[in-house]
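Before any comments, here is the structure.
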Amino acid sequence: MPDNQDFDFDVLIVGGGPVGMLLASELRISRAKPVVLERLPERTPHSKAFGLHARSMESLDRRGLLERFRDGAPSWNNGHFAGLDVWVDFSLLDSAQNYALLSEQTRTERLLEERAQEFGVEIRRGHEVTAVRQDADGVEAHVTGPEGSYTLRGRYLVGADGGRSLVRKAAGIAFPGTGGKVTARLADVVLADGEKAPMGMERTERGLLFCVPLDDTYHRVATFDFHQARETEGELTLEEFTDSLREIWGDDLGASRPRWLSWFTDSACQAEQYRAGRIFLAGDAAHTHFPVGGQGVNLGLQDVLNLGWKLAADINGWACEGLLDTYDRERQGPARKVLANTRAQIALMNPDPYVTPLRELFEDLMRKEEVNRHVAEMLSGVGVRYDLPGPGHRLLGDFARDLTVTTAQGAVTLPKLLRRGTFALLDLSGRPEISGVYQEWAEPIAWPGRVQHVVGVCEQEAELAGLLVRPDGYVAWAADKGAPPTEIAEGLRAALAAWAGTEGPGRPVFK
Ligand SMILES: Cc1cc2nc3c(=O)[nH]c(=O)nc-3n(C[C@H](O)[C@H](O)[C@H](O)COP(=O)(O)OP(=O)(O)OC[C@H]3O[C@@H](n4cnc5c(N)ncnc54)[C@H](O)[C@@H]3O)c2cc1C
């Protein structure tokens with residue numbers, strides 16, 4: 001058992017937004033002990049994000065959380081790209097969750113916090129991290145809480161503290177990117193005549209208007225000004241907001257009684273590294289971009305699904321060398337692509353009449369199923385695939401689909417097998433080598449909970465001999481039935497050693 005005496009917690013998580021809360025559960029399910037340090041005494045009542053995309057829903061399903069998120073929440077098949085008149089059709093996705101779910105960020109945060117609480121995670125609200133320092137063995141956070149200041153020591157620290165991340169700055173991680181040229185002003189307001197308000201996104205000569213109803217009384221209205229950068233960093237006022245409405249829409253829509261006013265720009269930046277020694281970044285602390293396409297929360301959740309089990313493997317003493325560095329390697333690419341697609345959307349949304357033919361061309365392209373599917377995969381995260389080492393196979397590095405395996409004990413689905421945050425090894429070969437390699441690997445470890453091993457038949461993948469799926473749902477190894485037995489055995493042996501470790505007793509199975 002690893003020595004825990006010098007540490008208050010295994011992982012200090014700075015920030016209890018959606019990303020920090022999910023990370024806490026991911027660590028706990030993998031037998032590590034995190035603490036969440038959140039400066040807000042209570043969850044904010046204002047939702048930035050509206051929804052969740054397919055890859056998030058697939059991942060939540062692999063932790064048994066899908067039903068909670070779906071419960072009472074509307075879903076829809078369409079999304080928009082740059083506000084084009086041709087919709088993105090999520091039903092084209094090759095995914096069991098081929099839709100977008102309406103889950104306001106406050107709801108998403110509540111559900112993720114409740115989950116962390118069920119796992120017994122210590123969540124300290126009203127505790128602000130003011131400084132971070134690391135040495136060779138651990139990390140210290142200086143915290144100011146309701147009863148004064150104190151210091152906590154952990155093996156690792158993760159900055160999930162949003163776009164202005166103190167952790168990122170303390171770790172000396174550069175945040176290069178493009179500066180903001182477009183100013184968005186957003187308000188949750190009552191409109192004089194909500195029924196007659198424009199719906200969705202409207203491009204005007206000077207910018208864009210975004211307007212959707214939130215409930216029977218309130219609308220979310222935003223103006224995007226492409227011509228003039230905001231001159232102040234101060235808070236947005238109702239007056240400035242209604243001025244921008246008149247400027248962009250020609251009428252202030254009788255907006256009044258704001259319950260939330262906010263502004264932001266299209267600046268898009270990405271941390272040069274997601275790791276500096278014992279400090280990691282995730283979510284908006286690692287990447288920020290214009291919220292067009294609703295991708296930020298989704299991207300951040302995928303960061304911590306990638307990071308959680310790797311950190312826990314290290315803490316539990318069985319991570320192979322270099323495992324923690326794969327986090328940066330795997331997660332930089334998806335964020336780079338999201339930043340690129342949001343920049344492309346901003347370019348297409350520009351009110352300049354010269355852009356109009358480009359929009360029309362894009363609309364024509366979007367009518368083609370292949371193009372529309374590509375855009376749906378991009379926005380939903382379903383197109384994410386990691387470049388993983390190993391013998392080439394069409395599924396390597398891809399997200400494993402919802403396979404069902406018929407075993408001697410009955411049918412079992414892959415999402416269910418992954419619920420406890422373990423690996424899953426599907427032996428579909430009908431031959432001895434895969435289970436033989438697994439037994440030979442598992443015996444000295446004497447910790448059956450690290451890999452869920454099932455033997456059976458999968459009708460959806462009749463050619464497949466075996467599949468090793470990581471806790472985050474991505475395929476670490478796959479082989480077809482036609483492959484030579486020695487190649488199958490060697491490939492699996494190498495993949496188990498590389499990803500699931502070889503030594504280390506691990507900790508008792510977390511209940
Ligand atoms: C208008 C708007 C609309 C959006 N719409 C969508 C959408 O539809 N879909 C989508 O996926 N994304 C959307 N986004 C983006 C999304 O809101 C962010 O990507 C998301 O909030 C990032 O989550 P996070 O946990 O990384 O950071 P945050 O949500 O920023 O959480 C960080 C937390 O850290 C805390 N914190 C900060 N510093 C400290 C400190 N020093 N000590 C302790 N605690 C600290 C903060 O209080 C905060 O609670 C939108 C953003 C905006 C602005």
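When a ligand or atom number is given, it counts from 1 through the structure's own listing order. Counting from 1, the numbers follow the sequence of the chain as shown.
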Over 60° means perpendicular and under 30° means parallel, so tell me whether His127 and Tyr150 are parallel, tilted or perpendicular. perpendicular
Could you find the nearest protein heavy atom to atom 34 (O) of ligand 1 and give me its residue, atom name and distance? Gly15 CA, 3.2 Å
Of the protein's non-hydrogen atoms, which lies at the shortest distance from atom 44 (N) of ligand 1, and what is that distance? Arg39 N, 3.1 Å
Quick one: nearest non-hydrogen protein atom to atom 50 (C) of ligand 1, plus distance? Pro291 CB, 3.5 Å
For residues Glu58 and Ser95, is any side-chain donor paired with an opposing acceptor at under 3.5 Å? yes
What atoms in ligand 1 come closer than 4.0 Å to a heavy atom of Pro18? 23 (O), 25 (O), 29 (O)
Report yes or no: do Ser165 and Asp161 form a side-chain donor-acceptor pair below 3.5 Å? yes
Ignoring hydrogens and angles, state whether a donor on the side chain of Glu140 or Gln134 is under 3.5 Å from an acceptor on the partner side chain. no
heavy-atom search around atom 21 (O) of ligand 1 in the protein gives Gln105 NE2, 2.7 Å
Heavy atoms only: which of Val297, Leu52, Leu379, Val14 is nearest to atom 16 (C) of ligand 1? Val297
Ligand 1 N/O within reach of Glu109 N/O, cut-off under 3.5 Å: no
Within 45° cone of Phe9 ring axis and under 6.0 Å: Lys33 NZ or CZ: yes
Starting from atom 15 (C) of ligand 1, locate the nearest protein heavy atom and write down its residue, its atom name and how far away it is, to 0.1 Å. Gly296 CA, 4.0 Å
Heavy-atom contacts with Ala160 under 4.0 Å: which atoms of ligand 1 show up? List them by number with element. 32 (C), 33 (C), 34 (O)
Near Leu186, which atoms of ligand 1 are under 4.0 Å from a heavy atom of that residue? 1 (C)
Consider every N or O of Phe264 and every N or O of ligand 1, then say whether any pair is closer than 3.5 Å. no
Nearest non-hydrogen protein atom to atom 37 (C) of ligand 1, with distance, is Asp161 O, 3.4 Å
Looking only at protein heavy atoms, which one is nearest to atom 35 (C) of ligand 1, and what is the separation? Glu38 OE1, 3.2 Å
Look only at interatomic distance and state if Gly294 has a nitrogen or oxygen under 3.5 Å from any nitrogen or oxygen of ligand 1. yes
Ion pair Arg401/Asp94, N-O distance below 4.0 Å: yes
Out of all atoms in ligand 1, which are within 4.0 Å of some heavy atom of His127? Include the element for each. 43 (C)
How close does the nearest protein non-hydrogen atom get to atom 19 (O) of ligand 1, and which residue and atom is it? Asp284 OD1, 2.7 Å
Over 60° means perpendicular and under 30° means parallel, so classify the ring planes of Phe290 and Phe264, tilted if in between. tilted
So if I count the atoms of ligand 1 from 1 in the order they appear, which ones are less than 4.0 Å from some heavy atom of Gln295? 9 (N), 10 (C), 11 (O)
For Gly283, the atoms of ligand 1 under 4.0 Å from one of its heavy atoms are 26 (O)
Could you check whether Gln228 and Thr183, counting side-chain N and O atoms only, form a donor-acceptor pair closer than 3.5 Å? no
Above 12 or not: heavy atoms from other molecules or residues under 6.0 Å from NE2 of His80? yes
Is Arg206 positioned over the aromatic face of Phe226, cation under 6.0 angstrom from the ring centre and no more than 45 degrees off axis? no
Return the orientation label for the Tyr474 and Phe399 ring planes: parallel under 30°, perpendicular over 60°, tilted otherwise. perpendicular
Atoms of ligand 1 less than 4.0 Å from Leu37 heavy atoms? 43 (C), 44 (N)
Side chains of Ser91 and Asn98: do they bring a donor and an acceptor to under 3.5 Å? no
Does Arg164 approach ligand 1 within less than 4.0 angstrom via side chain, backbone, both or neither, non-hydrogen atoms only? neither
Distance-only donor-acceptor check, side chains Tyr156 and Asp314, under 3.5 Å: yes
If we number the atoms of ligand 1 from 1 as shown, the ones under 4.0 Å from a heavy atom of Phe50 are 7 (C), 8 (O)
